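Written out below as structure tokens is the structure these notes cover.
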Amino acid sequence: MSRRLSIFGRLGRRTSSATESTAISNENDGQEIDGNLAPPPAYTTVDESATADLTAAFDQLSLSNAVSDPTVDTCLAHLKLLFAIQSMKEEVGYTDGLWGLWDSLAGPLNHLEHTYADKKQTPSDSKKPLDKNLLEDADNAAKKTLENLSKIREKRWALFLARATQRYEAWWKSLPGSQPLTEKDMEEDTSFEYQTFPTDDSATFDWSEDKLPPLDVLMVWHTHMLNPRAFLEDAMLAGLRGFWNRGLPWHLVNAAIDSDFNYNVTDQCKARWTKQTGLPWDNQSDPLVKELQCPKCNTKLSIPWTTCSRPENFHDQAEPLDLTGTGYGDGNLQHTCKSCGITVCKELLCAFKFVKDVEALLGPTNRPIPGTVLEPTTGRPAIVPPEPERSIYPRTFPNRLLKSGCNSIRTKVTTLMTSRPNPTMQDIRVEIEAILGNSTWLREINKYSNPRSAAYRVGRASKLSIRKMMGHYWENFSPFALDLAGAVVRQGIFIEKMYKIDWLHSPSATDTMKRLLLKYARFFTIMQKNPTKMAVPTLDIDLAWHTHQLSPSKYYKYSIKTTDKFIDHDDKVEEGRLSEQFEWTSKEYQDTYGEVYSECTCWYCESIRTSHVNSLGQVLGVSKSEKIAEAFHASEKAKLCPPDKSAHISSHNAVMLHVDPSQPNPAIQNRVRIQVAALHQKRLDDAYAKAKKRAEKKGRTIPPRDAAYYDHWGYPYYMAGPYMYPIWFTPGLYYGWDPGYIAGCGTGANGACAAGTCGGGVAAGGCGGAGVSYPHSYDDDGRDANVDSSRDVVG
């Protein structure tokens with residue numbers, strides 16, 4: 001039996017009595033039933049004898065070839081795709097010996113087998129929570145072996161993702177499209193390549209069964225679309241208008257996934273893929289080396305995907321398990337070119353990407369530099385105005401700077417690979433910073449001839465554009481706007497939670513989808529009414545949100561119509577801020593709609609609800625928040641929402657802030673970060689204590705905080721809350737940079753923004769800081785640069 005069938009075969013035998021799913025109009029999506037929202041289904045108990053056949057239920061999904069807003073059936077089809085991806089992940093992680101990564105590298109396995117046999121559990125049974133006493137019963141050697149084993153499985157998956165992103169890149173470059181974007185396109189009112197790109201319904205992509213990509217490539221594409229602004233900009237730069245407009249072909253994807261969540265396509269489809277991309281259909285069949293040209297001398301290099309491979313049964317006590325590696329798909333790429341002696345590393349490739357993009361800007365293609373295509377505050381394409389405004393237009397300031405002769409920037413960038421021994425984005429930052437600090441050069445770039453004697457500085461919006469540009473090269477050497485391998489890892493957290501909640505097999509699946517579609521519409525209303533706030537979704541809302549984003553043109557139109565902005569789906573949010581904004585969103589939803597936001601009874605969600613209760617109102621018995629929370633428990637809905645299988649905070653984009661030690665005063669910055677986090681944690685601790693006390697008065701109990709255990713490839717792993725997850729458990733394993741961290745701003749950080757550009761909100765690498773003050777200086781339109789402009793907000 002294959003690994004997939006042994007782990008997931010039982011899913012095909014589980015069934016659903018969900019009534020026939022039919023696509024419903026937007027007006028009826030998530031409609032209220034009998035004046036009240038339908039209660040969430042009972043996830044913990046499913047009567048197998050009373051349910052219908054799963055295959056028959058999926059056969060009834062109404063999925064047309066047309067692009068649509070999210071419906072009950074597209075949400076269910078999306079869940080089916082997520083299950084297929086999770087199945088693929090388990091199969092890869094548990095394939096012993098894949099890429100020379102053997103289970104035996106973890107240490108002696110005999111003791112583990114006896115331990116699991118005694119407990120009647122298996123490491124691969126991720127649907128069944130492991131007994132947390134398992135570790136207490138095992139000896140230290142067995143615990144270490146189990147921990148190592150989980151890391152080896154994660155490493156297999158990390159390498160698979162690295163290869164998948166490269167395969168996606170090859171597919172992306174082979175897709176048919178129109179002309180790539182040029183600067184001239186951004187200056188024309190009716191340019192199909194720019195102004196009307198997101199809304200042109202005439203552009204089509206002729207999908208058919210034989211054009212489907214492999215599942216690993218589909219997974220990366222899925223993640224790319226879940227970063228809407230990045231996907232739009234990448235599609236515009238590549239001229240993929242029809243591909244953008246069509247989005248994911250649900251009818252074809254759904255038909256390719258069977259009831260065991262296997263992804264099945266025809267031999268014709270596989271042959272077409274190989275002819276189109278030059279790659280085999282299966283990820284594992286790709287070569288074991290990555291071939292590329294040396295950035296300095298153009299010599300053809302063959303870099304192994306990993307240097308962590310070992311022979312089977314290899315075990316060396318003197319060599320501790322190290323899964324970082326120096327291969328192309330490893331965490332610390334290091335490969336020396338034998339021809340010129342340069343060391344190929346991630347930092348070098350980031351700088352090389354920047355050089356190639358600048359060459360495209362300066363060359364006949366005249367392609368704008370990434371990060372200058374969409375308006376930062378709205379996410380929409382906006383025509384560059386004619387002269388004289390064009391010369392000071394903030395969004396295109398980076399293009400003007402790089403095309404200028406100031407500081408010999410063109411020569412310094414285009415010759416960077418040969419003029420420096422080990423060039424990085426740090427070298428680029430230094431050169432740009434020099435220009436930003438020179439009034440004469442800035443006047444030249446912006447064609448500013450005002451005879452004032454005061455210093456001349458660019459304004460906030462121009463600085464924001466520099467930061468947006470730099471963010472595309474900040475820990476990202478892929479041709480896309482973000483590191484897709486890390487994004488897939490973070491998205492995998494959401495996928496795993498969807499799998500564990502398992503709405504797909506619930507007899508109330510249809511009602512659940514209707515309910516979450518209504519909550520999604522309400523969520524957008526909250527964003528529309530609070531444009532300066534960051535709203536954080538629950539898991540059920542996020543499913544509808546993700547489903548909508550997989551039809552990019554429909555999502556764009558809905559977002560613009562509702563909020564007048566193209567709302568982004570931020571891929572990295574510092575975990576403390578995410579929790580704080582979730583608390584705000586929960587209260588806003590509760591105050592607006594008179595219902596609890598997170599239908600969950602875990603300690604975290606109970607604490608968040610308690611934080612909404614005003615102490616005086618509680619004493620006087622008039623607290624609206626307390627009445628709403630009590631109504632949730634009194635209605636018996638709470639009993640259907642166990643802590644481990646409920647729609648609490650969606651935290652797949654939660655990351656930890658990393659303060660680079662090379663920054664000025666890193667200890668002070670880190671101390672401030674810790675103090676801010678401690679203040680939030682204290683509020684959460686106080687709310688938890690109040691929640692416990694209130695529950696005891698009502699004759700209830702809430703789960704203890706130390707009950708939150710996760711299964712990391714068979715290893716029971718404790719984390720303190722639902723907004724944290726074990727991607728921090730295996731740092732250094734991943735291609736690119738660690739997916740669980742966001743780099744802090746600083747002049748020493750790789751690809752960091754140039755000094756003087758900080759300040760204001762921007763989703764471009766997580767840079768933030770107090771900025772640099774320039775007394776008595778003026779910005780690029782002659783206004784006082786120290787006057788605070790309206791706040792930039794990225795949704």
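Both backbone and side-chain heavy atoms feed into the values below; hydrogens, waters and symmetry mates do not. Every value quoted in this text rests on a predicted model; they were computed, and no experiment measured them. Positions are given from 1, in the same order as the sequence printed here.
The shortest side-chain heavy-atom distance between His224 and Tyr168 falls under the 4.5 Å cut-off. Using a 4.5 Å heavy-atom cutoff, the side chains of Leu161 and Tyr734 are not in contact. Looking only at side-chain heavy atoms (C-beta outward), Ile501 and Met498 come within less than 4.5 Å of each other. Contact check for Leu543 versus Leu79: side-chain heavy atoms found under the 4.5 Å cut-off. For the pair Glu154/Tyr715, no side-chain contact is recorded, criterion being any heavy-atom separation below 4.5 Å from C-beta on. Contact annotation: the side chain of Asn227 never approaches that of Phe480 to less than 4.5 Å [non-hydrogen atoms, C-beta and beyond]. Two residues are said to be in side-chain contact when any heavy atoms from C-beta on lie closer than 4.5 Å; Val488 and Met219 meet this criterion. The shortest side-chain heavy-atom distance between Ser87 and Tyr499 does not fall under the 4.5 Å cut-off.
A distance of 7.5 Å separates CD1 of Ile560 from CZ of Phe566, quoted to the nearest 0.5 Å. Between the CD1 atom of Ile526 and the CG atom of Asp591 there is a distance of 9.5 Å, given to the nearest 0.5 Å. Expressed to the nearest 0.5 Å, how far CG of Leu539 lies from CG of Leu516 amounts to 11.0 Å. Rounding to the nearest 0.5 angstrom, the gap separating the CZ atom in Arg229 from the CD1 atom in Ile567 is 7.0 Å. Of the inter-residue distances, the one linking Trp244 atom CH2 with Met236 atom CE reads 9.0 Å to the nearest 0.5 angstrom. With rounding to the nearest 0.5 angstrom, the CD atom of Glu496 is 8.5 Å from the CD1 atom of Ile493.
Closest approach of Gln581 and Met534 over heavy atoms only: NE2-O, 3.0 Å. When all heavy atoms are compared, the tightest approach of Phe582 to Thr538 is CE1-CG2, 3.9 Å. Closest of all the heavy-atom pairs between Pro370 and His472 is CB-CD2, 3.6 Å. Nearest heavy-atom pair, Pro70 versus Tyr520, reported as atom, atom and distance to 0.1 Å: CG-CE2, 4.4 Å. Across every non-hydrogen atom of Leu232 and Pro198, the tightest pair is CD1-CG, 4.2 Å. Residue Gly736 comes nearest to Asp483 through the heavy atom pair CA-OD2, 4.5 Å, listed as atom of the first residue, atom of the second, then distance.
Distance alone, capped at 3.5 Å, places no donor-acceptor pair between the Thr547 side chain and the Cys75 backbone. Remark: the backbone N or O of Pro739 is paired with a side-chain donor or acceptor of Arg490 at under 3.5 angstrom. Of the possible donor and acceptor atoms, one in the side chain of Thr512 sits under 3.5 Å from a partner among the backbone N and O of Ser508. Of the possible polar contacts, none joining the Ser506 side chain to the Asp502 backbone as a donor-acceptor pair under 3.5 Å is found.
Counted by atom type alone, Thr71 and Asp73 present zero donor-acceptor pairs between their side chains at under 3.5 Å. Between the side chains of Tyr597 and Glu588, not a single donor N or O lies within less than 3.5 Å of an accepting N or O.
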Quick one: do Gln549 and Trp545 satisfy side chain to side chain contact (heavy atoms under 4.5 Å, CB included)? Show the steps, please.
CA-CA 6 Å; Gln549 292 168 49; Trp545 197 6; 3.0 Å; yes
Please step through side chain to side chain contact (heavy atoms under 4.5 Å, CB included) for the pair Asp564 and Thr378, ending with a clear verdict.
CA-CA 7 Å; Asp564 202 36; Thr378 66; over 6 Å; no
In sequence, state the C-alpha distance, the side-chain angles, and the governing distance for Glu90 and Trp713, and then conclude on side chain to side chain contact (heavy atoms under 4.5 Å, CB included).
CA-CA 9 Å; Glu90 294 273 353; Trp713 295 106; 4.3 Å; yes
What verdict does the side chain to side chain contact (heavy atoms under 4.5 Å, CB included) test give for Leu484 and Asn476, after you've listed the backbone C-alpha separation in whole Å, the side-chain angles of each residue and the deciding distance to 0.1 Å?
CA-CA 9 Å; Leu484 286 175; Asn476 174 29; over 6 Å; no
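The aromatic rings of Phe83 and His505 sit tilted, their planes meeting at an angle between 30° and 60°.
The existence of a salt bridge linking Lys468 and Glu233 is excluded, since no basic side-chain nitrogen approaches an acidic carboxylate oxygen closer than 4.0 Å.
When the options His546, His548, His222 are evaluated for a side-chain hydrogen bond (donor to acceptor under 3.5 Å, both in side chains) with His78, the one that passes is His222.
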